[in-house]
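The structure under discussion appears below in the form of C-alpha cells.
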Amino acid sequence: MSQDNATSSRPGAQAPRPSRAEAVAALRPRYQADLAQGTERFFEPRRTDCPWCGSPRLKRRLRTRDRFQNKPGGFRLDTCRDCRLVFQNPRLGADGLEFYYRDFYDGLGEEGMGNVFSGRRKMYLGRAEALKPSADSPAKWLDVGTGHGHFPEAARTVFPHTVFDGLDFTEGVELAEREGRIDHGIRGSFPELAGERLAGRYDVVSMFHYLEHSTDPRAELRAAHRALGPGGHLLIEVPDPECWFARLLGRFWLPWLQPQHLYFLPVAALRKELEALGFTVVLEQHREPSDTVDLLGAVWLGANAVLPPDDAPWLARPTGRARWLLRCAGLLVAIPPLVVATTVDRLLLKPLAGLGKVSNAYRLVARRNG
C-alpha cells in the first residue's frame, strides 16, 4: 500500500478534494436543467418607476451580460432622472439571484475569491481606522455581508478589545467562524434577524460593499438602526455611480458587477435617507475608499469578453483542450495591457481619487441619534 493510500484510509482522514474538472462535471447536470427552462424566469417584471423615489422619469444607462463568470443572460441598468439612482431593471428575483451567485463566492469560486479578499488587508485597516475619530473602543461590532470574515480579522488589530460578529447569507460566514476570523457567525437575512435577535445589541454595524447587493436597501438601513444602540455607529461603503469612469468605461466599469449589484445610490440620496431614519452623518469620504482598479478592471473584463471561456458547468459541454490553449495564449497576450493599466491606475489615477468624481466608491459614517 502506498503512503498516500495509507493516509487516506486512516479513520477521520479527509477525502481528497476533487479536481476542478471533476467538480465542473458533477455540477453540469443541475446547471443544464436550470438553463433548459430559459433565463427569462429569473427576472421580476420590469419597472416603469424608480424603486427609490417613485419617479416615472427613467432612462437606460446600459445593457450588458455576466462578464465575470460568463453565465448566460442579459442585464439592463436604468437611471432615475430625479434622484439619480441607478438600478437593475428588470431586477433578478430569488431564483435568479440564487443561480448567478451560485459558485461565485462559494463552491467553485470559494478558493479564488478567498485569495482576492485575503490580499486586501491594507484596505480593511483603512475601513476600521475610519471609525476611530467617532468611537474609541466599541464593545460589539456586526459586519453585515462579512463573506469569509477577512475585514473583522484585520479590524481586530485596530480594535483589539472588540467582539466581532459577522452576518451573511452564504456558508462563507460559517467558514469565517471556524477559522476564528469572527467571534460569532450569523447566517440569514439582516432585516429578518434585526427585529428581536439582534435589536440594540451592537455599538457598530458595518456594510462594506453590501448595500448594492440588497433587494431592499431601505430595509437594510432600518435593520441597522434597530441593531444599534443609541449613539452607535453605522459604516457604509458602496460604489459611486457618479464616478467619471462609470460613464467613460461603460459596461466595462468593474463596479457595475452585473448581475449581482442591484442598486447604486448616489451619496446625496443615501445621506438623506439616513437622516430620515434618525442618523447623523459624521464623516463622508471619497478618496480613502476608492479602489483604484478602474483601468485594470476594464482591460480584464474586455479580455474575458473576447477570449474563449474557461470550462464551467453552465456551458453545455466541456470546452476542450484546443479552446483551453487558445484562452491561455490570449491571457499571455493580455499581460502587457494589464501591466500598463495597473501602472496608470496606481501612479496616475490613485493620487487623483479625491478630486471631483474620480473616486469609484464613497464611505459614510453615521451616528444613531438618541
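One is the number of the first residue; the rest follow in order along the sequence.
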Closest non-hydrogen atoms of P133 and A130, given as atom of the first, atom of the second and distance, are CD-O, 3.5 Å
Open item on the list: Is it the case that the side chain of H150 and the backbone of R120 share a donor-acceptor pair, with hydrogens and angles ignored and the cut-off at 3.5 Å?
Closed with: no
With sequence neighbours left out, the residues meeting side chain to side chain donor-acceptor pair (under 3.5 Å) with R363 are E237, Q285
Original post:
How about W253 and D294: does a side-chain donor come under 3.5 Å of a side-chain acceptor?
Top reply: yes
Do R67's NZ or CZ and the ring of W300 fall within the cation-pi criteria of under 6.0 Å and 45°? no
- request: Determine the interplanar angle of the H286 and Y362 rings, folded into 0 to 90°, and report it as parallel if under 30°, tilted if 30 to 60°, perpendicular if over 60°.
  value: tilted
Using a 3.5 Å distance criterion without hydrogens, assess whether the side chain of Q260 forms a donor-acceptor pair with backbone atoms of L97.
no
Donor-acceptor pairs are to be reported for all side-chain atoms of residues 263-272 against protein atoms at under 3.5 Å, with residues two or more places apart or in another chain.
residue: Y263; atom: OH; partner: R91; partner atom: NH1; Å: 3.1
residue: R271; atom: NH1; partner: E284; partner atom: OE1; Å: 2.6

Worksheet item: Short question: side chain of R46, backbone of N89 - any donor-acceptor pair under 3.5 Å?
Response: yes
Worksheet item: Going by the angle between their ring planes, with limits at 30° and 60°, are F99 and Y31 parallel, tilted or perpendicular?
Response: perpendicular
- Does a donor on one side chain and an acceptor on the other come within less than 3.5 Å for D168 and Y105? no
Between F68 and Q258, the two heavy atoms sitting closest are CD1-O, 4.0 Å
What one should report as the nearest heavy-atom pair of S206 and D143 is OG-OD1, 2.7 Å
* Distance-only side-chain donor-acceptor flag, S214 / E220, under 3.5 Å -> yes
query = Are D311 and R327 within salt-bridge range, i.e. N to O under 4.0 Å?
reply = no
Check this for me, if you would: do R57 and D82 make a salt bridge, where the nitrogen-to-carboxylate-oxygen distance has to be below 4.0 angstrom? yes
Apart from L332 itself, its cluster of hydrophobic side chains linked below 4.5 Å comprises I335, V339
- If you group Ile, Leu, Val, Met, Phe, Trp and Tyr by side-chain heavy-atom gaps below 4.5 Å, do Y101 and W314 land in one group? yes
Under a side-chain separation threshold of 4.5 Å, the hydrophobic residues clustered together with I182 are V173
Discussion item. Test your reading of the model: is there a side-chain donor-acceptor pair from R28 to the backbone of A312, 3.5 Å cut-off?
Written reply: yes
Show me the donor-acceptor pairs within less than 3.5 Å that the side chains of residues 240-249 make with the rest of the protein, sequence neighbours left out.
residue: D240; atom: OD1; partner: E242; partner atom: N; Å: 2.9
residue: E242; atom: OE1; partner: K357; partner atom: NZ; Å: 3.3

With sequence neighbours left out, the residues meeting side chain to side chain donor-acceptor pair (under 3.5 Å) with T280 are N369
query = Should D103 and R30 count as an ion pair when the cut-off is N to O under 4.0 Å?
reply = no
